[in-house]
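Since the structure comes first, as structure tokens, the remarks are kept for the end.
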Amino acid sequence: MPRQERLQSATGIYHVMLRGINKQDIFEDDEDYIQFLSILHALVNRCDDQGHSLPSHCTFYAYCLLMTKAY
């Protein structure tokens, strides 16, 4: 049975959390962290094909990337 649709926030602010299936690590090395941060940066600082700024899809108030083990 599918999960019920989530309610829309009255404030428009959401807490987003990513977790791997069966608690599998999402980030396996430093390159994974760098790639993820690059994607977040691209969402906030969007540009068209000519390099002109576009409105961002969202606003990030804070983020935290946790390491589960030392490399």
Side-chain angles (χ1 to χ4, degrees):
M1 179 179 218
R3 181 175 18 190
Q4 288 185 346
E5 185 176 321
R6 295 179 191 227
L7 300 176
Q8 194 168 22
S9 168
T11 63
I13 297 174
Y14 296 89
H15 174 245
V16 178
M17 187 172 107
L18 301 173
R19 179 180 234 176
I21 296 172
N22 295 325
K23 299 183 181 179
Q24 180 180 354
D25 289 342
I26 295 174
F27 305 110
E28 295 185 1
D29 55 29
D30 291 344
E31 175 109 5
D32 293 338
Y33 283 96
I34 293 166
Q35 179 66 27
F36 186 78
L37 290 173
S38 175
I39 292 167
L40 288 181
H41 184 268
L43 286 171
V44 174
N45 301 302
R46 296 178 0 146
C47 293
D48 63 15
D49 293 337
Q50 288 78 37
H52 299 107
S53 294
L54 295 171
S56 66
H57 287 298
C58 53
T59 300
F60 289 91
Y61 293 103
Y63 65 89
C64 178
L65 303 179
L66 302 176
M67 293 179 62
T68 57
K69 59 186 173 187
Y71 293 108

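All values below come from the heavy atoms of this structure, side chains included, with hydrogens, waters and symmetry mates left out. Predicted, not measured: the structure shown is a model, and the values here were computed from it.
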**Asked** Can you say whether the rings of Y33 and F27 are parallel (under 30°), tilted (30 to 60°) or perpendicular (over 60°)?
**Response** parallel
**Message:** Quick check: is V44 connected to Y63 through a chain of hydrophobic side chains (ILVMFWY, heavy atoms under 4.5 Å apart)?
**Reply:** yes
**Request:** Dump the intermediate steps for side chain to side chain contact (heavy atoms under 4.5 Å, CB included) on L18 and F36, then the final yes or no.
**Result:** CA-CA 12 Å; L18 301 173; F36 186 78; 3.6 Å; yes
**Prompt:** Is a side-chain N or O of D32 found less than 3.5 angstrom from the main chain of Q35, in a donor-acceptor match?
**Reply:** no
**Message:** Can you confirm whether Q50 is buried at CD, in the sense that more than 12 heavy atoms of other residues, nucleotides or ligands lie under 6.0 Å from that atom?
**Reply:** yes
**Prompt:** Rounded to the nearest 0.5 Å, how far does CD1 of I34 lie from CG of L65?
**Reply:** 11.0 Å
**Verify same cluster id: L40, I26 (apolar side-chain graph, 4.5 Å)** = yes
